[in-house]
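Inspection log for the structure reproduced underneath, given as structure tokens.
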Amino acid sequence: LKGKLIYVMSKSIQRGAVTGSSSPRLHSVVAASTGKRIASVLAFTVIYALCFAAIKTGLAFAPPLFFGGVRALIGGGALLGLLVVLRVPLFPARGRWPLVLSIAATSTTIGFGAMFLSPGRAGAGIASVLGNTQPLFAVVLAALFLGERATRGKLTALALGLAGVTLIAYPALAGANGYGIWGAALALAASAGTAAGSVLVKRAGLEHGLITTAAWQLIAGSLPLLAISAIAEGGAAVTWNLEFIAILLFLALVGTSFATALWYWLLQREEVGKLTMFLFLVPVAGLAIAGFVVGEQIGLLEIGGAVLTVAAIGAVIKEEWHKPAEIS
């Protein structure tokens with residue numbers, strides 16, 4: 001899937017750069033089958049779940065803002081390297097810079113910053129629940145700015161998804177560890193920032209220049225994180241061992257470069273509200289990883305939450321996913 005996606009995007013970028021018109025190959029991808037679209041979203045969900053686990057592990061080696069900023073900077077640089085290999089223009093058109101900077105501020109500076117800060121300032125349960133409320137923000141923002149309808153299926157999915165995530169996180173919510181209001185606010189800010197960035201990408205329409213926009217928004221968004229880190233975290237040590245470097249490269253290359261391009265690609269083909277519902281599966285994927293890879297015991301509450309979450313996704317698929325993607 002990853003290799004095919006990169007190949008198709010590469011050809012689309014090359015043809016768009018030369019002709020300035022929509023690529024036939026790109027149009028064939030837009031009309032991709034239901035199965036391929038769902039498989040792409042599920043692949044993104046699994047990567048996203050792995051990223052959360054990697055972030056929690058990596059925070060033992062580096063302060064959060066520095067960690068998030070370097071992740072975004074390396075990820076954006078890798079995408080620029082891809083553009084060099086493809087021999088296409090490295091910079092977006094002058095009129096695209098306001099869009100790039102807006103996405104950078106929401107998705108990367110706010111989204112990444114809050115995502116990396118919240119685990120250390122909120123209980124695990126609160127971070128799990130509030131950090132996965134992006135679908136709620138996305139449905140509201142998409143209705144306001146994109147004209148997407150808050151249908152019965154979406155509202156049902158929201159209710160089931162939020163209930164499922166809460167059940168999955170309940171053991172941590174009921175634990176002895178307390179949490180502060182700032183931790184909860186940061187977890188919400190991470191969800192809101194990412195949702196706002198998704199709406200901006202969808203509204204702009206990035207049939208051409210998708211990789212360029214993704215690269216520069218990551219680079220531009222990383223700079224404030226690194227600047228604030230230099231002021232607020234200047235005295236914090238970074239442990240540059242093999243484990244941290246491996247985690248950082250995974251987050252930057254797979255969890256950022258590839259995942260961001262994949263998400264932008266999907267946003268051109270589906271409604272924001274519908275796509276983000278699948279992010280409710282992130283805690284479910286995290287449970288599966290914990291159970292089958294780490295060997296953690298999974299209780300009845302977590303199983304019940306997973307069932308509700310899968311039912312939420314089923315509500316979205318049943319109502320809308322059978323519709324063919326539109327070609328603009």
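Shortest non-hydrogen contact noted between Gly221 and Ala104 is N-CB, 3.6 Å. In this structure, Ala150 and Val139 approach most closely via the heavy-atom pair CB-CG1, 4.2 Å. Taking every heavy atom of both residues into account, Gly161 and Ala312 meet most closely at N-CB, 3.5 Å. The nearest pair of heavy atoms linking Ile247 to Phe61 is CD1-CE1, 4.4 Å. In this structure, Ala215 and Leu79 approach most closely via the heavy-atom pair CB-CB, 3.6 Å. The minimum heavy-atom distance linking Pro92 with Val100 is given by the pair CG-CG2, 4.1 Å.
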| request: May I have the step-by-step check of side chain to side chain contact (heavy atoms under 4.5 Å, CB included) for Leu158 and Phe280, ending in yes or no? | output: CA-CA 9 Å; Leu158 273 177; Phe280 278 136; 4.2 Å; yes
| field | CA sep, side-chain torsions, deciding dist, call: Gln268, Val201, side chain to side chain contact (heavy atoms under 4.5 Å, CB included) | value | CA-CA 8 Å; Gln268 306 313 305; Val201 170; 3.6 Å; yes
| request: Kindly determine whether Leu186 and Met115 satisfy side chain to side chain contact (heavy atoms under 4.5 Å, CB included), including the steps that lead there. | output: CA-CA 7 Å; Leu186 285 167; Met115 183 190 302; over 6 Å; no
| request: Walk me through it: do Leu225 and Phe66 pass the test side chain to side chain contact (heavy atoms under 4.5 Å, CB included)? | output: CA-CA 7 Å; Leu225 292 176; Phe66 175 83; over 6 Å; no
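Proximity of a side-chain donor or acceptor of Arg71 to a complementary backbone N or O of Gly255 within less than 3.5 Å is detected. With hydrogens and angles disregarded, a donor-acceptor distance shorter than 3.5 Å links the side chain of Ser257 to the backbone of Ala252. Formation of a donor-acceptor pair under 3.5 Å by the Lys202 side chain with backbone atoms of Glu270 is found in this model. Looking at Gln134, its side chain never comes within 3.5 Å of a backbone N or O of Ala192 through a donor-acceptor pair. At least one donor-acceptor pair under 3.5 Å links the side chain of Thr276 to the backbone N or O of Gly273. Distance alone, capped at 3.5 Å, places no donor-acceptor pair between the Thr106 side chain and the Ala196 backbone. Checked by atom type and distance alone, the side chain of Thr156 never pairs as donor or acceptor with a backbone atom of Ala315 at under 3.5 Å.
For the atom pair CZ of Arg203 and CG of Leu141, the computed distance is 11.5 Å after rounding to the nearest 0.5 Å. Rounding to the nearest 0.5 Å gives a distance of 9.0 Å between CD1 of Ile103 and OG of Ser198. Atom-to-atom distance recorded for Leu65:CG and Ile231:CD1 is 11.0 Å, nearest 0.5 angstrom. Expressed to the nearest 0.5 Å, how far CG of Leu200 lies from CG of Leu99 amounts to 6.5 Å. Between atom CH2 of residue Trp265 and atom OG1 of residue Thr260 there is a gap of 15.0 Å, rounded to the nearest 0.5 Å. Leu80 contributes atom CG, which lies 4.0 Å from atom CD1 of Ile219 (distance to the nearest 0.5 angstrom).
Under the 4.5 Å side-chain heavy-atom criterion for Ile, Leu, Val, Met, Phe, Trp and Tyr, Leu73 and Val254 are members of the same hydrophobic cluster. Taken together through direct or relayed side-chain contacts under 4.5 Å among Ile, Leu, Val, Met, Phe, Trp and Tyr, Phe244 and Phe250 form part of one hydrophobic cluster. Two different hydrophobic clusters hold Ile110 and Ile55 under the rule that ILVMFWY side chains link at heavy-atom gaps under 4.5 Å. Under a hydrophobic-cluster definition in which Ile, Leu, Val, Met, Phe, Trp and Tyr are linked whenever side-chain heavy atoms come within less than 4.5 Å, directly or via other members, Val238 and Leu242 are assigned to different clusters. Both Ile211 and Val84 belong to a common hydrophobic cluster when Ile, Leu, Val, Met, Phe, Trp and Tyr are linked at side-chain heavy-atom distances under 4.5 angstrom.
The salt bridge (Lys or Arg N to Asp or Glu O under 4.0 Å) check on Glu302 picks up nothing, with sequence neighbours excluded. Under the ring pair (Phe, Tyr, Trp, His ring centres under 6.0 Å) criterion, Phe91 pairs with Trp216, not counting sequence neighbours.
Ser107 and Gln217 are not linked by any side-chain donor-acceptor pair at a separation below 3.5 angstrom, with hydrogens and angles left out of the test.
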Extract all donor-acceptor atom pairs below 3.5 Å that involve side chains of residues 43-52 and protein atoms in other chains or at least two apart in sequence.
residue	atom	partner	partner atom	Å
Thr45	OG1	Val41	O	2.9

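Thr309 has its side chain out of reach of Pro283: every pair of non-hydrogen atoms, C-beta onward, lies at least 4.5 Å apart. When side chains are defined from C-beta on, Leu248 counts as touching Phe67, because their heavy atoms get closer than 4.5 Å. At a threshold of 4.5 Å between non-hydrogen side-chain atoms, the residues Thr256 and Phe112 count as touching. At a threshold of 4.5 Å between non-hydrogen side-chain atoms, the residues Leu160 and Ile313 do not count as touching.
The environment of CG in Leu300 is sparse: at most 12 heavy-atom neighbours from other residues, nucleotides or ligands sit within 6.0 Å.
Salt bridge Glu271/Lys154: present, at least one basic N to carboxylate O contact under 4.0 Å.
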